[in-house]
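Note sheet for the following structure.
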Amino acid sequence: MTHPTIRFGLPLLLALALAWGFVTLNGQGVEGRPLALSLLLGAGFGAVLQRSRFCFYCNFRDLIEKREASGVIAILVALAAGAAGYTLIFGAWLPTPALDRLPPTAHIGPVSLTLVIAAFAFGIGMAVSGSCLSAHFYRLAEGSVISPFAIIGALLGFGLGFLTWNPLFLAMTSNAFILWLPHHLGYDGGLLLTLAALALLAVAALWWARPGIPAPAVPLTLREAVERVFVTRWPAVVAGLLVGGIATLAYFRVAPLGVTAELGSIARTVGTNQGWLPSSLFGLDGLRGCATVVKEALLSNNGLFVIGLVAASFITSFLAGQFKPRRLTGKDVVRGLTGGVLLGWGAMTALGCTVGVLLSGIQAGSLSGWVFLVTMSAGILASWKVARMLRLS
Amino acid sequence: MKSISRNLAVLATTLALGVAPAIAQDGPLVTADWLQQNLNDPNIRIFEVSVDTGVYERGHIPGAVNLAWHTDLVDTVRRDIVSSEGLEAILREAGVTEDTTVVLYGDNNNWFAAWGAWVFDIHGIHDVKLLDGGRKLWEAEGLPLDTATPEYAASEIDLTEEAAPLRARLADVLEVVEGGADVSLVDIRGPKEYSGEIFAPEGVQELSIRAGHIPGAVNFPWGGAVNEDGTFKTADELKAAFAAIGIDGSKPIITYCRIGERSSHTWFVLSRILGYDVRNYDGSWTEYGNAVGVPIENPTGTVWGRI
């Protein structure tokens, strides 16, 4: 059990630091306000991820191996809520989903064989390292010993991604196409199709799952309320609605959700300054997704979003007494680094990860999000199969 | 306090002339205060022309119509400005008539808004006004923004087929350089681009394979025409600043930069604020510097590819 001074003192310090950061940035006028808002949205996102264990990989594994559907339901609800929110915003910004125009900055990404390969590799990276990138960020706060290595690996992976970008672009990515559902079906049709597909997945998940033992009904006292907010895992539907809501607000005010742009930008800036990366990356800056840029300013919206995410998940994790590091083994280092490299390479090549392409893409009505979902799942399943075979042999 | 006195002045003018506030502001610029007071005037149509994608949608001046400079205002295939038919379609959709006062504004010190004003002017919408200070000042003053896209009843407007003579082509520039035409050339790029020390500013992809400037051009970096808050300097200040480098309006002027957009800003200053005879060379250094067999001045002697 963590000592109370640390359990409550550290969250207090972090909360004060976040508040100071928000107030300082917000006071910097026009340029500072989006940065302040990004910090706040990141904090909200991080708190929800940690409190509800909103981890793409763990939830998928719970469903397949333990036959528990709640985590996957949270993801599907988040996708549905965000899709509805995005559609409302699109309708205001682009009244008719005309053919030659896309809503600004939405992650309506290119679909090509490159995306398939990258998402597959990302899925393998998830299986090897134990989660996707957004989950590694909040699992840092739970004392995961793999996550720091996975994030370092991801930085290296991004570097490799930049190195392989040009040949892949010339061979495959340049022929990519963009499929935005509202272009073909209108806003109503696009949203209906998205919701129908998500509902179908939810039905399939619930059909496969075995019902858990219901928790005994506890009357809602003040003590129980505190327990439910700060200690026990948040219910799936609540978590999904919150993630969908944050995704909508983030798109409305700053940019679609994504957690890799800053990581990629750091890798690109270092690699470019050191002369390790090609001086021009074909077509990269013209494609939709988690944009990586050579950094010119220290603070960026995405950087602050990730800082907020990590800080808030430390706050909620400590308060819940869930910071539980275990002894680091050599296997953790290897799994973290190799899995991380695959995550980084996949996220760079796919122009985002489970958040930037899957979540923000499906919510925006883009086929790229669905392609990522399917091939990433295939990558995870293939990894498990290989792991089982290796153990058998 | 300042804005109160400005408002009083507008009010006084209005009362004295007995006219609606909408036409109380003459000249090529409108102030943020004036624009805010006239947002509901159906005879005023505001357009935002910003460089950054997604800025308009996340908050624009209420009622403003978005113009995407890289698709709406250009011919993407010919490297040309939008045709008169193309602009006509945009204006009709935005409900602009011949009696409409068009106000443009944008981010980055109105760079592309000024370029828009130049394009509008070429196609016969001559009295386009810029919001002084652009988006930057509007935001800094905390004035209201809207996120909904306005829709207006379509109008009938016919643009003239004949383009106004506000555009210089490579041949016109060569007539100055080699033919001795009595025209001043103003290069508004940074001093290091002008001197040939660098080919283009950092992070810029559209390049010329030669460094330097057009022979005879004087250098006046565009930023010299604006104040810290993004507003234009006064006409007197501008007049003096340009006179100091020999640009006094006594002969025709051609402005240019790298791709012709920033130089529209200077075109606006010289042509619309100071009333000089100015053409903008939109081929600019990416055309001239790459053209075969034309002379340049390259004080620093930087040569492409030389080790």
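Every chain is numbered from 1, with letters handed out A, B, ... down the list of sequences.
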Check whether more than 12 heavy atoms from other residues, nucleotides or ligands sit under 6.0 Å from atom CH2 of B/W304, and answer yes or no.
yes
If you count the non-hydrogen atoms of other residues, nucleotides and ligands that lie under 6.0 Å from CD in A/Q28, is the total more than 12?
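Counting other residues, nucleotides and ligands, CD of A/Q28 exceeds 12 neighbours.
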Just checking heavy atoms, which of residues 71-89 of chain B are less than 4.5 Å from chain A?
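Residues in range: B/T71, B/D72.
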Residue by residue, scan residues 243-256 of chain A and write down, ordered by number, those that have a heavy-atom distance under 4.5 Å to chain B; if none do, write 'none'.
A/Y251, A/F252, A/R253, A/V254, A/A255, A/P256
Can you say whether A/L94 sits under 4.5 Å from chain B via the side chain, the backbone, both, or neither, judging by heavy atoms?
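Backbone of A/L94 only, per the 4.5 Å heavy-atom cut-off to chain B.
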Flag the pair A/P95 / B/E151 as yes when at least one side-chain heavy-atom distance between them is below 4.5 Å, and no otherwise.
yes
Would you say the side chain of B/R58 lies within less than 4.5 Å of the side chain of A/T105, judging by non-hydrogen atoms?
yes
d(B/E139 CD, A/E31 CD) to nearest 0.5 Å is 8.0 Å
Can you give me the closest heavy-atom contact between B/G54 and A/P104, atom names plus distance?
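That would be CA-CB, 3.5 Å.
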